[in-house]
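Note on naming: letters A, B, ... go to the chains in the order of the sequence lines (proteins, then strands), and numbering restarts at 1 for each one. Computed over heavy atoms, backbone and side chain alike; hydrogens, waters and symmetry mates excluded.
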Amino acid sequence: MTTPQPSASASRAARGEPVLCVEGLQTHFDLRQWGFVRVGSVRAVDGVDFTLDAGETVAVVGESGCGKSSLARTLLALHRPTDGAIRFDGTPLNGLSGSALKAYRGRVGYVQQDPYGALPPFMDIQRILAEPLIIHGVRGRAERARRIDAALEEVGLTPAADTRGKFPHQLSGGQQQRVVIARALLLRPAMIIADEPVSMLDASVRVEILELLRRVQREHHLALLYITHDLSTVRHYVDRAMVMYGGRIVEQAPVAELLARPGHPYTEALLSALGDPDADNAHRQREVPGGEPPSLIQPPSGCRFHPRCRHAMPGKCELEPPPPDFRPRPDHRIACWLHE
Amino acid sequence: MTPWLQGLARLRQYPSALAGLGIIALLVAMAVYAVTAIPYSEARELWRGGEAWQDLPTNASPVWTDRLLGGNAPRTIRVATDDVVMEQERYEGVRLQRAVLPVDFPYGGFPQEINLFVESQFDERQPFVRLTWRTPDGESIPLDARRVGESERISISQDRQLESRLGFTPQVGLFTDAEPGADDPQVRQGTYELVIEAIQFEETATLDANLVVYGQVHGLFGTDHKRRDLTVALLWGTPVALAFGLLAAVGTTLTTLIIAATGVWFGGWVDAVIQRLTEINIILPLLPILVMVGTLYSTSIWLMLGVVVVLGIFSAGIKMYRSMLLPIREAPYIEAARAYGAGNARIILRYLVPRILPVLIPTFVTLIPTYVFLEASLAVLGLGDPVLPTWGKILNDAQAQSALYHGFYYWVLAPAALLMLTGLGFAMLGFALDRIFNPRLRNV
Amino acid sequence: MMAAAPLLEIEDLGLSYATEQGTLRAVDGVDLRLHRNEALAVLGESGCGKSSLAKTLLRTLPRNAYPPTGQLRLDGRDVLGLPEERFRREVRWVRIALVMQAAMNALNPVVRVGEQVAEPLRIHHRASRRQARQRAAEAFEEVGIPTDFLRRYPHELSGGMRQRAVLAMALVTEPDLVLLDEPTSALDVLTQASIMNVLKRIKHERGVSFVFITHDVATASELADRVALMYAGQVVEAASARAFFSEPAHPYSRLLMASVPRLYQEQPPSSIPGRPPSLLDPPAGCRFAERCPWAFERCSEPPPMIPCGERRQARCWLHHSPGGAR
Ligand SMILES: Nc1ncnc2c1ncn2[C@@H]1O[C@H](COP(=O)(O)OP(=O)(O)OP(=O)(O)O)[C@@H](O)[C@H]1O
Ligand SMILES: Nc1ncnc2c1ncn2[C@@H]1O[C@H](COP(=O)(O)OP(=O)(O)OP(=O)(O)O)[C@@H](O)[C@H]1O
Ligand code: SF4
Ligand SMILES: [Mg+2]
Ligand SMILES: [Mg+2]
């Protein structure tokens, strides 16, 4: 980690080109009966467009089951997209295979939700961190050890010698997540995808981990996609936020703008569902949209939020899906007929 | 690897595991002793039987059984002309050689057999030998008188003429002073003598004789119908059994595990094919197939090992491993490994398989004796390796010779005890390992 | 709100576990008081002993726990000394119910949720099968699950619905006190908010008291009348929610409040450096001293709970007045 890699992405970024460019992305999972008869599909990601610039942190916010993790896995080439295009550093991801795919995976780091599950329990930390290096052909035990120590120290596990020989279960949740982040950084990626990296952690260490992610993202000029269901962890750690609902992005805007002027009724609902700690919270009911999250097998017609929306306009919202880019402001995009 | 060592260190808390380990250590020591003391080729040669064993009685019980029963059964006595002074007298043209072989006989029973092995060297004319038996009372009984060849066995106890003269079979008649034909002859203890007188017709001719008075008991484990000392087979059976058990267990568990992991990882048709093969294989009966291969092809232990491993690969174990591996396939750490570029082979061998190895160790340890028993069963069925001495072969011989019917219990008991000891040792260790490693798996 | 006798009084409660490394003191000298229809939030980071406290109250301790020490009174009556059989018949699930940590994942997968919810009633022989089913349906309505879900299996319910079902199970025997161990930690914000709404309503309508265990300050503020903050097995501050959230007294409380990510505040949250001490061998003095920016010499002595306001104490020498009047 000593010398930041002068990568192609840096030069592209200088030309103002995004690192990641996603257009019309769809990831559907087939539902099968008796193992082969296709009876439908889960439209987990259903038409997503966005871009991610180098050195930019973008949050994806949405409730459970809205397709956030499916989006992340598709971007990591763990799922094959059903339709749409992903371009990373100008190269399309579709049909990448073999060594090109491996090279791509070396350039994208992944931080998962459950730090304990993300570390093989039967390997010690040294071994866990050596794995990506071995896979990507970093020769020489000494060279690997040097990079492992550097990565451990970078994520605040100092001295590295204290951690190296331990097994995951001997570390606290926060320390485990630091190891996961160290592993994501080891191959000097251009982009990191963090799927709910703090939601399984104790509240007291969440801030530490978020600060750490923010710091390494800045130091390495990484593009960071931060997935969360908790808007309160978004404000100080990201540049831009996207709100996802039912497999689609319904609103995206710079984070301050989004919090100050939420445009989509769903974003409003998310914001009103949580508050800063205050003794009065205990004495008022929060406004929560009724009903269950939408089915991704048979999504609601028109705007997917209409069955739960306070402002739904009959005769319009349930018929036509709103286009994703009503723009009250140039950098604020909303998929809601209210902003037509 | 610390968790492994920790697990093994916890074995100390289980006395049964220590006992098991002790038994296994004993067996291993026996195996090591066997292969160093009796090299492989020598062991095979010995077990073929023949001349090497001519000094031993047939079907002799172990010495300690006699001790235990408080008996005083005769041991085998060997006396050679080399041990005594050979007198020589010369007459015109001939030499008269004379040797007296003393037989000290303090036992309470009659010998099993009496043989004299004679070797002589001459050019043309065979020496003429006359044998005389002298009892402790000084009574002389003339035995055989005849020409002898270069190497000859004179079976004194088979001498029918002598038998009719004595009124008893020679091995009885020569050692008793009972009236001929008496119902219950008693042994006359004391020092007997065999007088050998040889007439040599050539100047350079020689004569060596070797008297063997066969006892009723022999050694620690007795002998079989071919006079072979069972110790050899019991000792050599240990390395064979351990090697067979270990190789078969390693071969089947490892390959089974890897195949199960492969099926689980790739899923789809790969998994389906493996599943179907397993189902077919489960209903194939192992033993009859082995019998078939053994009768039609060869009973070499290595071939049997191969067949056992091949048939063991797609065994029911696959189903068990599959059910353990299926949830692991979905573990986030596997997804992480894919995300940093790990290939299929690496994921199977380094991420899936090691995860369930701890559960496997106890299963594996308890599997070893199963294969040891299988090998023994094959041998009992007559499909043992044709040349190697094994425990199963001893049992097979015993069965063929109706050992139990004849009361040769030792012949069956010793190999059976070793088999049971093996099973016990590995089982005790395996159960303790199970208790140590399995709760871990349930936790994580 | 201030009834004559407190519903629950905890005095100097202690609990230890036997572990391979030695005795681990998970709960150490906890004093707490809870009145009727009050909700007490027990806050604290992972491993500080919150669940152990709840398990001690309901005697669902694991095998390697030593018998708890101290005093535990329900309506002024000692329950710690109660024989197990009487405790089971008179207290557990009758007066006090518990929603265990991760209980929603512990539902029996092969039994319909309706039957599982009615189970406590059946165990306590308080109702016929029919009545139990009736009560279960009412409890379902109370927590906002459609009653036709009674006949479903756990895996057919979403996470939020399962959590509501375990809540219904705790309410079905109409206890006076419900212990909730991290009831919303695994859920997303919308579900969390709607479950907190249910709890608020039940508290208001039924007058139930709650002990609400969480590590999340914002969630705690959704229900709490009072807050007890735990650190390394001890309660370090006990105060009314209003006082706690507006001006925390203990240094740990202050740092904790500053570490909460807030939606509408310019200042970014700041994490608390360091890690809590081991409970196997806690420091002799103030357990927070090592991480405390205000620590001074006195802190090498163990501080008692020092009163610092109405029904408010903090375990910190900073609140000790030199005269020792109190
Ligand atoms: N491999 C898969 N096969 C079939 N369905 C899937 C698969 N992965 C996800 N799904 C379904 O896709 C939908 C979206 O899931 P996803 O995990 O992306 O949601 P999420 O937003 O990450 O939710 P959470 O907050 O719970 O993690 C869910 O209904 C899920 O059941
Ligand atoms: N059965 C047990 N045996 C030994 N130690 C235990 C046992 N259960 C808990 N502990 C230890 O006791 C301490 C307190 O545990 P407890 O579960 O009460 O914490 P908690 O505050 O509920 O944490 P969390 O937020 O992680 O649930 C921890 O250090 C834990 O490791
Ligand atoms: S489009 Fe209509 S239904 Fe959808 S969020 Fe906007 S107002 Fe509500
Ligand atoms: Mg997810
Ligand atoms: Mg807990």
Side-chain angles (χ1 to χ4, degrees), chain A residues 61-66 68 156 172-175 196 198-212 214 228-237 255-256 259-260 266 269-293 308, chain C residues 39 41 43-48 158-161 185-197 200-201 203-204 214-225 227 240-246 255-273 275-276:
Chain A
V61 189
E63 68 193 311
S64 190
C66 72
K68 306 182 297 293
S172 71
Q175 289 172 320
E196 312 221 25
V198 296
S199 68
M200 298 272 278
L201 298 179
D202 202 70
S204 61
V205 286
R206 283 186 186 164
V207 172
E208 286 175 31
I209 295 295
L210 289 171
E211 279 171 356
L212 171 66
R214 187 67 164 159
T228 179
H229 64 87
D230 183 2
L231 262 171
S232 67
T233 59
V234 156
R235 169 161 193 143
H236 299 285
Y237 304 102
V255 71
L259 296 180
Y266 177 63
L270 279 180
L271 283 171
S272 68
L274 65 137
D276 293 344
D278 186 296
D280 289 329
N281 289 348
H283 304 293
R284 59 163 182 257
Q285 292 270 314
R286 291 210 171 267
E287 264 181 46
V288 183
E292 287 274 293
R308 302 167 81 184
Chain C
L43 262 176
E45 60 197 290
S46 186
C48 69
S158 67
M161 286 297 170
S185 296
L187 303 171
D188 67 72
V189 279
L190 287 183
T191 323
Q192 207 167 322
S194 54
I195 287 189
M196 293 316 291
N197 280 345
K200 287 176 207 175
R201 209 188 57 235
K203 174 166 178 271
H204 185 71
T214 176
H215 58 90
D216 189 44
V217 177
T219 322
S221 78
E222 294 287 325
L223 189 65
D225 300 308
V227 174
S240 73
R242 190 161 303 282
F244 185 87
F245 293 125
S246 53
L255 295 183
L256 186 70
M257 289 303 288
S259 78
V260 177
R262 286 164 202 255
L263 268 177
Y264 303 105
Q265 182 183 305
E266 262 322 306
Q267 200 181 345
S270 48
S271 57
I272 313 171
R275 300 212 50 78

*asked:* Restricting to non-hydrogen atoms, name the atom on A:A269 and the atom on C:L190 that form the minimum distance, rounded to 0.1 Å.
replied: O-CD2, 3.9 Å
*Look at A:A256, A:P277, A:G290 and state which one has the largest set of heavy-atom pairs under 4.5 Å with chain C.*
A:P277
*Would you find a donor on one side and an acceptor on the other, under 3.5 Å apart, between the side chain of A:H236 and the backbone of C:Q265?*
yes
_So A:S64 and C:L187, do their side chains get closer than 4.5 Å, heavy atoms only?_
no
_side chain to side chain contact (heavy atoms under 4.5 Å, CB included) between C:R275 and A:V205, intermediate numbers included_ = CA-CA 10 Å; C:R275 300 212 50 78; A:V205 286; 4.2 Å; yes
*Does any heavy atom of chain A fall under 4.5 Å from the side chain of C:M196, the backbone, both, or neither of them?*
neither
*Indicate the atoms forming the closest heavy-atom contact of C:S270 with A:E211, along with that distance.*
CA-OE2, 3.9 Å
*C:N197 side chain vs A:Q285 backbone, donor-acceptor pair below 3.5 Å*: no
_Return the CG to CG distance between C:D216 and A:D230, rounded to the nearest 0.5 Å._
7.5 Å
_Segment of C:S158 engaging chain A (4.5 angstrom heavy-atom cut-off)_ = side chain
*Checking heavy atoms, do the side chain of A:L201, its backbone, both or neither come under 4.5 Å from chain C?*
backbone
*asked:* Quick one: does any side-chain atom of A:D276 pair with a main-chain N or O of C:L263 as donor and acceptor, under 3.5 Å?
replied: yes
_Nearest heavy-atom neighbours spanning A:S232 and C:P261_ = O-CB, 3.3 Å
*Which pair of non-hydrogen atoms, one from C:V189 and one from A:A273, has the smallest distance, and what is that distance?*
O-CB, 4.2 Å
*Segment of A:S172 engaging chain C (4.5 angstrom heavy-atom cut-off)*: side chain
_Distance-minimising heavy-atom pair for A:A282 and C:A224_ = CB-O, 3.8 Å
*asked:* If I compare all heavy atoms of C:S259 with all of A:V207, which pair ends up nearest, and what's the gap?
replied: O-CG2, 2.9 Å
*Should C:F245 and A:D280 count as side-chain neighbours, where that means a heavy-atom distance under 4.5 Å?*
no
*Does the side chain of C:V260 reach to within under 4.5 Å of the side chain of A:R206, using non-hydrogen atoms?*
no
*Backbone N or O of C:S46 within a donor-acceptor pair of the A:D202 side chain at under 3.5 Å?*
yes
*Just wondering, more than 12 heavy atoms not from C:H204 lying within 6.0 Å of its NE2?*
no
_Top contributor to chain A interface from C:M257, C:M161, C:R242 [non-hydrogen pairs under 4.5 Å]_ = C:R242
*Per-residue contact mode, A:P289 against chain C (heavy atom under 4.5 angstrom)*: side chain
_With a 4.5 angstrom heavy-atom cut-off, is it the side chain or the backbone of C:Q267 that approaches chain A, or both, or neither?_
backbone
*Hey, does A:V288 have a side-chain heavy atom less than 4.5 Å from the side chain of C:Q192?*
no
*In Å and rounded to the nearest 0.5 Å, what is the CD to CZ distance from C:E222 to A:R286?*
4.0 Å
*asked:* As an exercise, state the distance from CG of C:D188 to CD of A:E196, rounded to the nearest 0.5 Å.
replied: 8.5 Å
*Measure the OG1-CZ distance between A:T233 and C:R262 for me, rounded to the nearest 0.5 Å.*
14.5 Å
*Side chain / backbone / both / neither for C:R201 at chain A, heavy atoms under 4.5 Å*: both
*By a 4.5 Å heavy-atom criterion (distance strictly below it), what part of A:V255 contacts chain C: side chain, backbone, both, or neither?*
neither
